[in-house]
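To start, the structure under review is shown below, and the notes come after it.
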Amino acid sequence: MKNILIIKNDKDLTNFLEKELNQEGYYTETYLNGRQGLEAALNKIKDWCLIITELAIPELSGLEICRRVRQHSTVPIFIMTENDSVMERVVCLDYGADDCLVEPFAVEELLARMRAIFRRVKYENNNQNNSQSNIVFKDLLIEKDSRTVRRGKEIIDLTKREYDLLVELLTNVNTVYSREDLLEKVWDYPKDTETNVVDVYIRYLRNKIDKKDEESYIQTVRGKGYVIRD
(Lines give C-alpha, C1' and ligand atoms only; values in the text may rest on other atoms or scores of the structure.)
Protein backbone atom coordinates (compact mmCIF):
# COMPACT_ATOMS: atom_id res chain seq x y z
CA MET A 1 0.00 0.00 0.00
CA LYS A 2 1.30 3.44 -0.95
CA ASN A 3 1.36 6.10 1.79
CA ILE A 4 0.21 9.59 0.77
CA LEU A 5 0.72 12.71 2.92
CA ILE A 6 -1.78 15.54 2.32
CA ILE A 7 -1.03 19.04 3.67
CA LYS A 8 -3.94 21.31 2.85
CA ASN A 9 -5.95 23.88 4.81
CA ASP A 10 -9.33 23.31 3.13
CA LYS A 11 -10.92 20.74 5.44
CA ASP A 12 -13.78 19.82 3.11
CA LEU A 13 -11.52 19.28 0.10
CA THR A 14 -8.99 17.44 2.23
CA ASN A 15 -11.70 15.05 3.44
CA PHE A 16 -12.83 14.56 -0.14
CA LEU A 17 -9.29 13.79 -1.34
CA GLU A 18 -8.71 11.43 1.55
CA LYS A 19 -11.94 9.53 0.78
CA GLU A 20 -11.16 9.27 -2.95
CA LEU A 21 -7.58 8.12 -2.39
CA ASN A 22 -8.63 5.60 0.26
CA GLN A 23 -11.14 4.13 -2.20
CA GLU A 24 -8.26 3.68 -4.67
CA GLY A 25 -6.31 1.69 -2.09
CA TYR A 26 -3.94 4.42 -0.84
CA TYR A 27 -3.25 5.09 2.83
CA THR A 28 -3.53 8.80 3.64
CA GLU A 29 -2.48 11.06 6.48
CA THR A 30 -3.69 14.67 6.49
CA TYR A 31 -2.65 17.95 8.11
CA LEU A 32 -4.30 21.37 7.85
CA ASN A 33 -1.18 23.25 8.99
CA GLY A 34 2.06 23.63 7.05
CA ARG A 35 4.40 23.35 10.02
CA GLN A 36 2.72 20.24 11.37
CA GLY A 37 2.64 18.76 7.89
CA LEU A 38 6.36 19.33 7.39
CA GLU A 39 7.09 17.72 10.74
CA ALA A 40 5.09 14.65 9.74
CA ALA A 41 6.83 14.57 6.36
CA LEU A 42 10.31 14.61 7.88
CA ASN A 43 9.56 12.28 10.79
CA LYS A 44 8.51 9.49 8.41
CA ILE A 45 10.36 10.64 5.29
CA LYS A 46 11.09 7.10 4.07
CA ASP A 47 7.47 6.00 4.41
CA TRP A 48 5.87 8.47 1.99
CA CYS A 49 5.32 7.59 -1.66
CA LEU A 50 3.85 11.03 -2.42
CA ILE A 51 3.37 14.36 -0.65
CA ILE A 52 0.48 16.60 -1.76
CA THR A 53 0.64 20.13 -0.41
CA GLU A 54 -1.02 23.46 -1.03
CA LEU A 55 0.92 26.52 -2.14
CA ALA A 56 -0.79 28.88 0.32
CA ILE A 57 -1.12 27.12 3.66
CA PRO A 58 -0.97 28.51 7.24
CA GLU A 59 2.41 28.86 9.01
CA LEU A 60 4.55 27.36 6.23
CA SER A 61 4.04 27.71 2.47
CA GLY A 62 4.00 24.80 0.07
CA LEU A 63 7.23 26.11 -1.48
CA GLU A 64 9.01 26.09 1.88
CA ILE A 65 7.71 22.61 2.65
CA CYS A 66 9.02 21.46 -0.73
CA ARG A 67 12.39 23.13 -0.21
CA ARG A 68 12.93 21.56 3.19
CA VAL A 69 11.79 18.09 2.14
CA ARG A 70 14.17 18.24 -0.84
CA GLN A 71 17.08 18.62 1.58
CA HIS A 72 16.38 15.08 2.77
CA SER A 73 14.48 13.19 0.10
CA THR A 74 13.45 12.93 -3.56
CA VAL A 75 9.95 11.74 -2.64
CA PRO A 76 7.47 12.98 -5.30
CA ILE A 77 5.71 16.23 -4.34
CA PHE A 78 2.57 17.72 -5.89
CA ILE A 79 1.79 21.36 -5.16
CA MET A 80 -1.78 22.61 -5.54
CA THR A 81 -2.51 26.24 -6.41
CA GLU A 82 -5.54 28.30 -7.39
CA ASN A 83 -3.47 30.58 -9.64
CA ASP A 84 -3.27 29.38 -13.25
CA SER A 85 -0.02 31.25 -13.90
CA VAL A 86 2.82 29.77 -15.96
CA MET A 87 5.47 31.53 -13.87
CA GLU A 88 3.92 30.32 -10.61
CA ARG A 89 3.98 26.74 -11.89
CA VAL A 90 7.59 27.21 -13.01
CA VAL A 91 8.54 28.46 -9.54
CA CYS A 92 6.90 25.42 -7.92
CA LEU A 93 8.81 23.08 -10.24
CA ASP A 94 12.02 24.99 -9.66
CA TYR A 95 11.67 24.51 -5.91
CA GLY A 96 11.65 20.76 -6.52
CA ALA A 97 7.99 19.91 -7.02
CA ASP A 98 7.30 17.06 -9.44
CA ASP A 99 3.96 18.47 -10.55
CA CYS A 100 1.75 21.50 -10.07
CA LEU A 101 -2.04 21.07 -10.02
CA VAL A 102 -4.29 24.05 -10.68
CA GLU A 103 -7.54 24.07 -8.69
CA PRO A 104 -10.25 23.18 -9.36
CA PHE A 105 -9.21 19.89 -10.92
CA ALA A 106 -10.88 16.56 -11.64
CA VAL A 107 -9.91 13.81 -9.23
CA GLU A 108 -9.45 11.52 -12.25
CA GLU A 109 -6.65 13.82 -13.44
CA LEU A 110 -4.97 13.71 -10.03
CA LEU A 111 -5.13 9.91 -9.99
CA ALA A 112 -3.73 9.72 -13.52
CA ARG A 113 -0.84 12.04 -12.63
CA MET A 114 -0.14 9.95 -9.55
CA ARG A 115 0.00 6.76 -11.60
CA ALA A 116 2.34 8.49 -14.06
CA ILE A 117 4.73 9.65 -11.32
CA PHE A 118 4.76 6.20 -9.70
CA ARG A 119 5.61 4.64 -13.08
CA ARG A 120 8.45 7.11 -13.51
CA VAL A 121 9.83 6.50 -10.01
CA LYS A 122 9.77 2.75 -10.62
CA TYR A 123 11.53 3.23 -13.97
CA GLU A 124 14.19 5.50 -12.41
CA ASN A 125 14.80 3.08 -9.55
CA ASN A 126 15.23 0.19 -11.98
CA ASN A 127 17.61 2.24 -14.11
CA GLN A 128 19.58 3.36 -11.08
CA ASN A 129 20.04 -0.23 -9.97
CA ASN A 130 21.31 -1.21 -13.41
CA SER A 131 23.40 1.84 -14.34
CA GLN A 132 26.85 3.12 -13.53
CA SER A 133 27.13 5.48 -10.58
CA ASN A 134 28.94 8.27 -12.50
CA ILE A 135 28.52 10.12 -15.78
CA VAL A 136 31.57 11.89 -17.22
CA PHE A 137 31.49 14.38 -20.09
CA LYS A 138 34.65 16.40 -20.71
CA ASP A 139 35.18 18.28 -17.40
CA LEU A 140 31.59 17.64 -16.26
CA LEU A 141 31.03 14.90 -13.66
CA ILE A 142 27.74 13.61 -12.30
CA GLU A 143 27.96 11.38 -9.23
CA LYS A 144 24.59 9.65 -9.42
CA ASP A 145 24.73 8.04 -5.99
CA SER A 146 24.90 11.44 -4.30
CA ARG A 147 23.27 13.43 -7.16
CA THR A 148 26.32 15.72 -7.13
CA VAL A 149 27.25 17.66 -10.27
CA ARG A 150 30.73 19.11 -10.78
CA ARG A 151 32.45 21.06 -13.53
CA GLY A 152 36.10 20.80 -12.80
CA LYS A 153 36.45 21.35 -9.05
CA GLU A 154 33.28 23.45 -8.78
CA ILE A 155 30.12 21.86 -7.38
CA ILE A 156 27.06 23.01 -9.32
CA ASP A 157 23.83 23.31 -7.36
CA LEU A 158 20.93 22.01 -9.48
CA THR A 159 17.26 21.57 -8.70
CA LYS A 160 15.78 18.09 -9.10
CA ARG A 161 14.28 18.97 -12.48
CA GLU A 162 17.51 20.57 -13.76
CA TYR A 163 19.42 17.48 -12.63
CA ASP A 164 16.99 15.11 -14.35
CA LEU A 165 17.17 17.14 -17.56
CA LEU A 166 20.98 17.15 -17.56
CA VAL A 167 21.19 13.42 -16.85
CA GLU A 168 18.77 12.69 -19.72
CA LEU A 169 20.87 14.72 -22.17
CA LEU A 170 24.21 13.34 -20.97
CA THR A 171 23.00 9.74 -20.92
CA ASN A 172 22.21 10.10 -24.61
CA VAL A 173 25.03 12.26 -26.01
CA ASN A 174 24.61 13.10 -29.72
CA THR A 175 20.86 12.42 -29.54
CA VAL A 176 18.77 15.40 -30.62
CA TYR A 177 15.78 15.80 -28.32
CA SER A 178 12.71 17.73 -29.37
CA ARG A 179 10.93 19.81 -26.74
CA GLU A 180 8.12 17.26 -26.87
CA ASP A 181 10.56 14.40 -26.20
CA LEU A 182 11.96 16.16 -23.14
CA LEU A 183 8.50 17.02 -21.83
CA GLU A 184 7.60 13.35 -21.97
CA LYS A 185 10.85 11.92 -20.60
CA VAL A 186 11.75 14.48 -17.91
CA TRP A 187 8.39 15.96 -16.93
CA ASP A 188 6.21 12.97 -17.84
CA TYR A 189 3.86 15.35 -19.64
CA PRO A 190 1.94 14.42 -22.80
CA LYS A 191 3.81 15.46 -25.95
CA ASP A 192 1.03 17.83 -26.99
CA THR A 193 1.31 19.92 -23.80
CA GLU A 194 1.65 23.60 -24.65
CA THR A 195 4.35 25.07 -22.42
CA ASN A 196 7.78 26.71 -22.71
CA VAL A 197 9.06 24.99 -19.56
CA VAL A 198 11.74 23.06 -21.52
CA ASP A 199 13.24 26.27 -22.93
CA VAL A 200 13.15 27.83 -19.46
CA TYR A 201 15.04 24.93 -17.89
CA ILE A 202 17.57 24.71 -20.71
CA ARG A 203 18.34 28.36 -20.00
CA TYR A 204 18.65 27.63 -16.27
CA LEU A 205 21.08 24.77 -16.98
CA ARG A 206 23.19 26.82 -19.35
CA ASN A 207 23.48 29.60 -16.81
CA LYS A 208 24.75 27.11 -14.24
CA ILE A 209 27.03 24.73 -16.15
CA ASP A 210 28.45 26.92 -18.94
CA LYS A 211 31.58 29.04 -18.68
CA LYS A 212 31.76 32.61 -19.89
CA ASP A 213 33.00 33.07 -23.46
CA GLU A 214 32.86 29.31 -24.13
CA GLU A 215 30.40 27.43 -26.32
CA SER A 216 27.48 25.98 -24.40
CA TYR A 217 27.55 22.24 -23.80
CA ILE A 218 23.83 22.17 -24.63
CA GLN A 219 23.44 23.06 -28.30
CA THR A 220 20.27 24.23 -30.01
CA VAL A 221 19.38 22.44 -33.23
CA ARG A 222 17.20 24.89 -35.12
CA GLY A 223 13.73 23.54 -35.76
CA LYS A 224 14.46 20.29 -33.92
CA GLY A 225 15.43 20.79 -30.28
CA TYR A 226 18.51 20.32 -28.09
CA VAL A 227 21.56 18.07 -27.99
CA ILE A 228 24.87 17.58 -26.18
CA ARG A 229 27.55 16.53 -28.69
CA ASP A 230 30.86 14.90 -27.89
Counterpart residues, ring-ring contact (aromatic ring centres under 6.0 Å, His included), relative to Y204 (two or more places apart): Y201

Please list, chain by chain and in numerical order, all residues satisfying side chain to side chain donor-acceptor pair (under 3.5 Å) with [X], sequence neighbours excluded.
X: E184; result: none
X: N22; result: T28
X: R70; result: D98

Does NZ or CZ of K185 come closer than 6.0 Å to the centre of the six-membered ring of Y177, within 45° of the ring's axis? no

Are [X] and [Y] joined in one hydrophobic group, where the rule is that I, L, V, M, F, W and Y side chains link up if heavy atoms are under 4.5 Å apart?
X: I79; Y: L93; answer: no
X: V90; Y: I202; answer: yes
X: I77; Y: I57; answer: yes
X: Y26; Y: I6; answer: yes
X: V186; Y: L140; answer: yes

With sequence neighbours excluded, residues passing side-chain contact (heavy atoms from CB on, under 4.5 Å) with [X]:
X: K138; answer: Y217
X: S61; answer: L63, E64
X: S216; answer: R206, D210, I218
X: D230; answer: F137, V173, N174

Take D181 and Y226 through the test side-chain hydrogen bond (donor to acceptor under 3.5 Å, both in side chains) and record every step on the way to the result. CA-CA 10 Å; D181 290 336; Y226 299 101; over 6 Å; no

I want to check something: taking the side chain as every heavy atom from C-beta on, are [X] and [Y] in contact at a cut-off of under 4.5 Å?
X: F78; Y: I117; result: yes
X: Y95; Y: T159; result: no
X: L183; Y: V197; result: yes
X: I7; Y: I52; result: no
X: R229; Y: V221; result: yes
X: E154; Y: R150; result: no
X: V86; Y: N196; result: yes
X: Y163; Y: D157; result: no

Return yes when atom CD of E215 has more than 12 non-hydrogen atoms of other residues, nucleotides or ligands closer than 6.0 Å, and no otherwise. no

How about NZ on K211, more than 12 heavy atoms from neighbouring residues, nucleotides or ligands closer than 6.0 Å, or not? yes

Closest non-hydrogen atom pair, [X] against [Y]:
X: L158; Y: V149; answer: CD1-CG2, 3.8 Å
X: N33; Y: R35; answer: OD1-N, 2.8 Å
X: E143; Y: N134; answer: CA-OD1, 3.3 Å
X: C92; Y: L55; answer: SG-CD1, 4.0 Å

May I ask you to decide if [Y]'s main-chain N or O and [X]'s side chain share a donor-acceptor pair within less than 3.5 Å?
X: D10; Y: L13; value: yes
X: R151; Y: I209; value: yes
X: N3; Y: D47; value: yes
X: N15; Y: K11; value: yes

With salt bridge (Lys or Arg N to Asp or Glu O under 4.0 Å) as the rule and sequence neighbours excluded, what pairs involving residues 16-30 come up? E29-K44

Intermediate values then yes/no, side-chain contact (heavy atoms from CB on, under 4.5 Å), L5 and L50: CA-CA 6 Å; L5 175 63; L50 174 67; over 6 Å; no

Partners meeting salt bridge (charged side-chain N to carboxylate O under 4.0 Å, His left out) with E39 (sequence neighbours left out): none

Passes side-chain contact (heavy atoms from CB on, under 4.5 Å), R147 versus T74? Steps please. CA-CA 10 Å; R147 298 177 69 89; T74 59; 4.1 Å; yes

Checking T171 against I135 for the side-chain contact (heavy atoms from CB on, under 4.5 Å) test, could you report, in this order, the C-alpha distance in whole Å, the side-chain angles of both residues, the deciding distance, and whether it holds? CA-CA 8 Å; T171 303; I135 299 176; 3.7 Å; yes

By the rule that ILVMFWY residues connect when side-chain heavy atoms come within less than 4.5 angstrom, directly or transitively, which residues belong alongside V102? none

Where do D164 and E162 land on the side-chain contact (heavy atoms from CB on, under 4.5 Å) test, with the steps shown first? CA-CA 6 Å; D164 291 343; E162 291 166 350; over 6 Å; no

Any chance the side chains of T81 and E88 put a donor and an acceptor closer than 3.5 Å? yes

Roughly how far apart are F16 CZ and L21 CG, rounded to 0.5 Å? 9.0 Å

Ring pair (Phe, Tyr, Trp, His ring centres under 6.0 Å) partners of residues 41-66, not counting sequence neighbours, each pair once: none

